[in-house]
Protein chains: 2
Amino acid sequence: MSADRQQNRKAYHHGDLKNALLQAGKEVLSLEGVNRFDLRKVARKAGVSHAAPYRHFADKEALIDAIVKLGFEELAGRLAAKIEKSGHSTPEKLKVVALEYVLFAGQNPWLLREMFSGRSSRNRNNEAYIASKAVYRIYRDVIHTGQEAGEIGSGDPNALAGVLWSLMHGLAMLIIDDQVTPYAEGKRGVERFVNYSVSTLIDGMKG
Amino acid sequence: MSADRQQNRKAYHHGDLKNALLQAGKEVLSLEGVNRFDLRKVARKAGVSHAAPYRHFADKEALIDAIVKLGFEELAGRLAAKIEKSGHSTPEKLKVVALEYVLFAGQNPWLLREMFSGRSSRNRNNEAYIASKAVYRIYRDVIHTGQEAGEIGSGDPNALAGVLWSLMHGLAMLIIDDQVTPYAEGKRGVERFVNYSVSTLIDGMKG
DNA sequence: ACCTGAACACCGTTCAAGT
DNA sequence: ACCTGAACACCGTTCAAGT
């Protein structure tokens, strides 16, 4: 622990302001949404002056970009972990992935919206855009493996992954926006609706 | 035409400021997004002072709510018109609806995002939320009619409509966010990808 | 009844100055 | 090298005053 950290309450140098801003910002973004995301508030939460963030991020948008990137990384990690712990059948893996995607959305509704706000895809060298591709690869690989095992119908796994992602993302958005109640209400209802949707799509892939 | 309208350039009373604000606001929202939506700019575009909008809308949020409601109404109108002009087969109707949904998204990306920003479903008496239900009813009715004709598998048409909507909305979001390229690139590519997706889901509904 | 202009609080961003 | 405080432009909202 550095000298800076030990006298932290009054330390002139924060020590790890960049991460503190990311954490405080993620909290504001996830819970309150972009509309109420203001840089001065985030700086206040991190215990620094309103000008301090500019030492670490070009502007407000750059901070949000970085938070969005973290969001994709967290999502990728959660999906991968669920696949790891799930059974061996491909349909089961896909259901587990879809449910986890929807749960992530329920826990971070505003963050998910911001992840698909167009900012990540402004240009393809964007770190958030690259992070989003890692998420895509996760279910594409599940589909590809499933095809090799004969559990999923044929077709370009990349395209099938796109269809699956569309369904999962639409489910997540409509559920957090209260548009598919009462079919997906409560933890049980959501799980049932997601399973039903994914099963239907997988059945269609076999045809 | 009223006296107010005839001397319009210098008229103290605008005449139809409410609609002028809605139109100017819809343009800003659709093209620039919420982040760049500011009330003073909208007022400027409508040719009035920055305080004038408060005579017609409680605040900025109320104006956006009203624009979002218009968005759902326009979408409902477009979907209904496409169904009207399409062939008789239910799968064909659903493909036409999905494609129109995606085209609407491409033409009004920011507006669509705002339509699913959580604001419409804050409470269920919200006019925007009610307008969104009219959109829902359109494909639910197509599905229901298709079931009676034996063209679509059995199941609660409301739930099936929810699944279909999820797929359509996910396709729209991922396409405007450049996440399913190169599978849905260009007008042709988008049409092919949407048809493929919807066909797959419909096939699954038969099982 | 509808609109304007001044006023206030607050945010994003910059920059010279502090440690 | 990192952070602060003052400063500036600009936005949301209110309100007394104008037509």
Side-chain angles (χ1 to χ4, degrees), chain A residues 1-25 27-29 31-68 110 114 117 119, chain B residues 1-25 27-29 31-68 110 114 117 119:
Chain A
M1 217 173 275
S2 71
D4 281 41
R5 296 293 297 241
Q6 282 181 29
Q7 55 179 43
N8 56 352
R9 277 179 58 89
K10 292 283 178 186
Y12 193 85
H13 288 73
H14 183 284
D16 195 11
L17 181 54
K18 185 168 183 175
N19 272 306
L21 290 168
L22 285 170
Q23 288 312 311
E27 204 172 309
V28 173
L29 189 60
L31 300 178
E32 305 184 45
V34 233
N35 292 359
R36 289 189 180 144
F37 183 98
D38 83 75
L39 211 47
R40 292 166 95 115
K41 179 160 63 182
V42 174
R44 246 176 269 133
K45 281 182 90 121
V48 290
S49 82
H50 60 263
Y54 290 88
R55 198 57 39 187
H56 302 279
F57 298 97
D59 52 22
K60 179 180 166 177
E61 296 303 308
L63 210 205
I64 297 177
D65 281 350
I67 293 167
V68 161
W110 291 105
E114 209 51 29
S117 65
R119 74 170 64 248
Chain B
M1 218 174 276
S2 71
D4 280 43
R5 295 292 296 240
Q6 282 179 32
Q7 55 180 40
N8 57 352
R9 276 177 60 87
K10 293 283 177 187
Y12 193 84
H13 287 75
H14 183 285
D16 195 11
L17 181 55
K18 185 168 184 176
N19 271 307
L21 291 168
L22 285 170
Q23 287 313 310
E27 203 172 310
V28 173
L29 190 59
L31 300 178
E32 305 185 45
V34 233
N35 291 359
R36 291 191 180 141
F37 183 97
D38 84 74
L39 211 47
R40 292 168 96 115
K41 179 162 60 183
V42 174
R44 247 176 267 135
K45 281 182 90 121
V48 291
S49 82
H50 60 265
Y54 290 89
R55 199 58 39 188
H56 302 278
F57 298 97
D59 53 21
K60 180 180 164 177
E61 295 303 308
L63 210 205
I64 297 177
D65 282 349
I67 293 168
V68 161
W110 291 104
E114 209 51 30
S117 66
R119 73 170 65 247

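Because the structure is a prediction, the values reported are computed rather than measured.
What separates CG of B/L39 from P of C/dA9 is a distance of 20 Å, to the nearest Å. Going from atom CG of A/L21 over to atom P of D/dC2 covers 13 Å, rounded to whole Å. When rounded to the nearest whole Å, the span between NE2 of A/H56 and P of C/dT13 equals 16 Å. Put simply, CG on B/D38 is 13 Å from C1' on D/dA9, counting in whole angstrom units. C/dG12 atom P lies 11 Å from atom CG of A/L63, rounded to whole Å. In this structure, the CZ atom of A/R55 is 11 Å from the P atom of C/dT14, given to the nearest Å. A straight line from CZ of A/F57 to C1' of D/dC2 spans 14 Å, rounded to a whole angstrom. As rounded to whole Å, 11 Å separates atom P of D/dC2 from atom CG of A/D16.
The residue B/R44 sits close only to the backbone: its heavy atoms come under 4.0 Å of sugar-phosphate atoms, none of a base. Residue B/H50 is in base contact, counting any heavy-atom pair closer than 4.0 Å across all strands shown.
Here the side chain of B/K60 is nearest to one of C/dC3, D/dC3, D/dT13, namely D/dT13. For A/A52, counting side-chain heavy atoms from C-beta on, the closest listed nucleotide (D/dC3, D/dA6, D/dG12) is D/dC3. When distances run from any side-chain atom of A/R40 to the nucleotides C/dC3, C/dT13, D/dT13, the shortest one goes to C/dT13. The listed nucleotides are D/dT13, C/dT4, D/dT4; the one nearest the side chain of B/V48 is C/dT4.
A distance of 4.0 Å separates CD of A/E32 from NZ of A/K41, quoted to the nearest 0.5 Å. Expressed to the nearest 0.5 Å, how far CG of A/L22 lies from CG of A/L29 amounts to 11.5 Å. Here the CH2 atom belonging to B/W110 is positioned 11.5 Å from the CG atom belonging to B/L31, to the nearest 0.5 angstrom. If you take CG on A/L63 and NZ on A/K60, they are separated by 10.0 Å, rounding to the nearest 0.5 Å.
Where B/E61 and A/A51 each meet DNA chain D at their nearest nucleotide, the meeting point lying more 5' is that of A/A51. Nearer to the 5' terminus of DNA chain C, by closest-nucleotide assignment, is the contact made by B/G47 (compared with the other of A/Y54 and B/G47).
For B/K18, the NZ atom sits in a loose shell: 12 or fewer heavy atoms of surrounding residues, nucleotides or ligands are nearer than 6.0 Å.
Under the Watson-Crick or G-U wobble criterion, with both distances below 3.5 Å, C/dT13 is paired with D/dA7. C/dA1 and D/dT19 make up a base pair, with Watson-Crick or G-U wobble contacts both under 3.5 Å.
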